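Since the model is a prediction, treat every value here as computed from it, not as a measurement. Worth knowing before you read on, the calculation uses all heavy atoms, side chains too, and leaves out hydrogens, waters and symmetry mates. So that the names make sense, note that chain A is the first sequence line, chain B the second, and so on, each numbered from 1.
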Number of protein chains: 2
Amino acid sequence: MTVVTFRASVQGQLRDRLLDSAQGQIEKRGWSSVTMSRIADEVGVSRQTVHNELGTKRQLAEHLAMRELARFLEVVQERMAGQVDVVDAVVAACEGALELGERSLLVRTIVGSVPGEHDPDLLAILTVESGEIIDTAGAAVKQCILDGAFDLPLTDAEVDVAVESVVRLVLSAITRPSKPPAQAAADIGWILRLALKGARG
Amino acid sequence: MTVVTFRASVQGQLRDRLLDSAQGQIEKRGWSSVTMSRIADEVGVSRQTVHNELGTKRQLAEHLAMRELARFLEVVQERMAGQVDVVDAVVAACEGALELGERSLLVRTIVGSVPGEHDPDLLAILTVESGEIIDTAGAAVKQCILDGAFDLPLTDAEVDVAVESVVRLVLSAITRPSKPPAQAAADIGWILRLALKGARG
DNA sequence: CGGGGTTGTCAAGTTGGTTGACATGTCATA
DNA sequence: TATGACATGTCAACCAACTTGACAACCCCG
């Protein structure tokens, strides 16, 4: 046997293509014009297969969000790796994520450049129903911190709290940016550094 | 529906990957060490699937040959397109094919650099059992000639004969090269030009 | 209100890869 | 030369996944 069977790789490919199609449609004509049928047609598959693979249209949105999240977490991982100071690592990661948030066509489309032109259904995923996003991102960031073997004056549970807070700040800054990425990241770093100092002193 | 269904594209992909695996094994360790099992393993598929897709090991060799041939014919098509003189077109095509014959790792492996180190089974395909190759290549070349709308003093049947002869000369020069590609191609052009002159006069 | 388009779901049908088995053939080696 | 190891070629039974057709429910437009 091989590491990945042909079947499995095809399955992943199908998933990706379906999501690609949906994402393309979102970026071109908005979420409301995305159709399960059109996705099926574009990919060359039956509508049923789209449902089998992605579930309901609502779940499709969540899949899209999680996939985009994975791209963000990749950047986070890259930026944190090799740093010696936790705060530096976090700041670098935040900056990377915020910059990607500006570049990501999907994110920009969801958040909407013109006020009032949102797709409420999709936007909800990034905001009120972002539980899974926060959990996933939090877990990934924590893993990076563990990998980094930083010297931290915090208990494990306290690390969780701190990480979740940082993630929430970043998510907020992506959905409602108020300063350039570098500045926003620096601000987060400032708070974090103070908190750590407090924990130590 | 789409132009290509997902299923079809996957099928083609499987075929390609199987052939890639076989070709890689040939180039690394020779035809005799190519195993249906190894191909299956490398691609992540069952041995039976390899048989379903490619047939016997012998047929696998033919598939490989035909796929490589397709690459040659692509070059031929490129070189002939846009030429105004038939002979120039043919010479350009021959030169391209001969050069590719020198570069093609598969061809070089089959033909064998060291005398006596051939894989007889594979080699047969390029020589004694090259019927399908000649037919396919001939048809492709003839199509290029028709597309070119050249002014020819030959009947349709005579064109067939001429084309087949050229193809055979090229095939021979690939399996047993005696001069550099440009020279060999020029030689073919010389004969062809004479023949056409004879037909006109 | 009625038609058209979409979603979500189902069951039946088809394609095609998987698995295990077996006969056959070949080669190296004891 | 006998034999074990390995490869090929084929089968049948199995199972996973895509397809097809159909249907109820919903929404929006005219």
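- By the side chain to side chain donor-acceptor pair (under 3.5 Å) test, His51(B) pairs with no residue at all, sequence neighbours left out.
- Atom P of nucleotide dT6(C) and atom CH2 of Trp31(A) are separated by 15 Å, given to the nearest angstrom.
- Distance, Asn52(A) CG to dT7(C) P: 15 Å, rounded to whole Å.
- Going from atom CD1 of Ile39(B) over to atom C1' of dT8(D) covers 12 Å, rounded to whole Å.
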Given protein heavy atoms under 4.0 Å, the one-letter contact record of nucleotides 25-30 of chain D, with B base, S sugar-phosphate only and - none, is simply ------

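- Lys179(B) pairs by the salt bridge (Lys or Arg N to Asp or Glu O under 4.0 Å) definition with Asp187(B), not counting sequence neighbours.
- Rounded to whole Å, the distance from CZ on Arg58(B) to P on dG25(C) is 18 Å.
- Among dT8(D), dC18(D), dT18(C), the nucleotide with an atom closest to any side-chain atom of Ser37(B) is dT8(D).
- A salt bridge links Glu164(A) with Arg168(A): the closest approach of a Lys/Arg side-chain nitrogen to an acidic carboxylate oxygen falls below 4.0 angstrom.
- Across the protein-nucleic acid pair, Glu53(B) atom CD and dG9(D) atom C1' stand 17 Å apart, rounded to whole Å.
- Atoms CG (Asp41(A)) and P (dT19(D)) sit 11 Å apart, rounded to a whole Å.
- With sequence neighbours excluded, the residues satisfying side chain to side chain donor-acceptor pair (under 3.5 Å) with Ser9(A) are Arg17(B).
- The CG atom of Leu54(B) sits 14 Å away from the C1' atom of dT8(D) (whole-angstrom rounding).
- For Thr49(A), the side chain to side chain contact (heavy atoms under 4.5 Å, CB included) partners two or more places apart in sequence, or in a different chain, are Leu14(A), Val45(A), Ser46(A).
- Partners of Arg29(A) by side chain to side chain donor-acceptor pair (under 3.5 Å), not counting sequence neighbours: none found.
- Residues meeting the salt bridge (Lys or Arg N to Asp or Glu O under 4.0 Å) test with Lys28(A), sequence neighbours left out: none.
- Within a heavy-atom distance below 4.0 Å of DNA chain D, no residue of residues 9-20 of chain B is found.
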Would you tabulate the pairs of protein nitrogen or oxygen atoms and nucleotide nitrogen or oxygen atoms of nucleotides 10-16 of chain D closer than 3.5 angstrom?
{"from": "dC11(D)", "atom 1": "N4", "to": "Gln48(B)", "atom 2": "OE1", "distance (Å)": "2.3"}
{"from": "dA16(D)", "atom 1": "O4'", "to": "Arg7(A)", "atom 2": "NH2", "distance (Å)": "3.3"}

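- Val50(A) comes within contact range of no nucleotide atom at all, as no heavy-atom separation falls under 4.0 Å.
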Return a table of donor-acceptor pairs under 3.5 angstrom between the side chains of residues 80-87 of chain B and protein atoms on other chains or two or more places apart.
{"from": "Gln83(B)", "atom 1": "NE2", "to": "Arg79(B)", "atom 2": "O", "distance (Å)": "3.4"}
{"from": "Asp85(B)", "atom 1": "OD2", "to": "Val87(B)", "atom 2": "N", "distance (Å)": "3.2"}
{"from": "Asp85(B)", "atom 1": "OD2", "to": "Asp88(B)", "atom 2": "N", "distance (Å)": "3.0"}

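- As rounded to whole Å, 15 Å separates atom P of dT19(C) from atom CZ of Phe6(A).
- Listed by chain and residue number, Glu53(A) satisfy the side chain to side chain donor-acceptor pair (under 3.5 Å) test with Gln11(A) (two or more places apart in sequence, or in another chain).
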Donor-acceptor pairs under 3.5 Å, side chain of residues 148-157 of chain A to any protein atom, not counting sequence neighbours: which ones?
{"from": "Thr155(A)", "atom 1": "OG1", "to": "Glu158(A)", "atom 2": "N", "distance (Å)": "3.1"}
{"from": "Thr155(A)", "atom 1": "OG1", "to": "Glu158(A)", "atom 2": "OE1", "distance (Å)": "3.4"}
{"from": "Asp156(A)", "atom 1": "OD1", "to": "Lys142(A)", "atom 2": "NZ", "distance (Å)": "3.1"}
{"from": "Asp156(A)", "atom 1": "OD2", "to": "Lys142(A)", "atom 2": "NZ", "distance (Å)": "3.0"}

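- OP1 or OP2 of dT18(C) lies within a sub-4.0 Å distance of a side-chain N or O belonging to Thr49(B).
- At least one side-chain heavy atom of Val107(A) sits less than 4.5 Å from a side-chain heavy atom of Phe72(A).
- When distances run from any side-chain atom of Val45(B) to the nucleotides dT19(D), dG17(C), dT7(C), the shortest one goes to dG17(C).
- By the 4.0 Å N-to-carboxylate-O rule, Glu74(B) lies too far from Arg71(B) to be salt-bridged with it.
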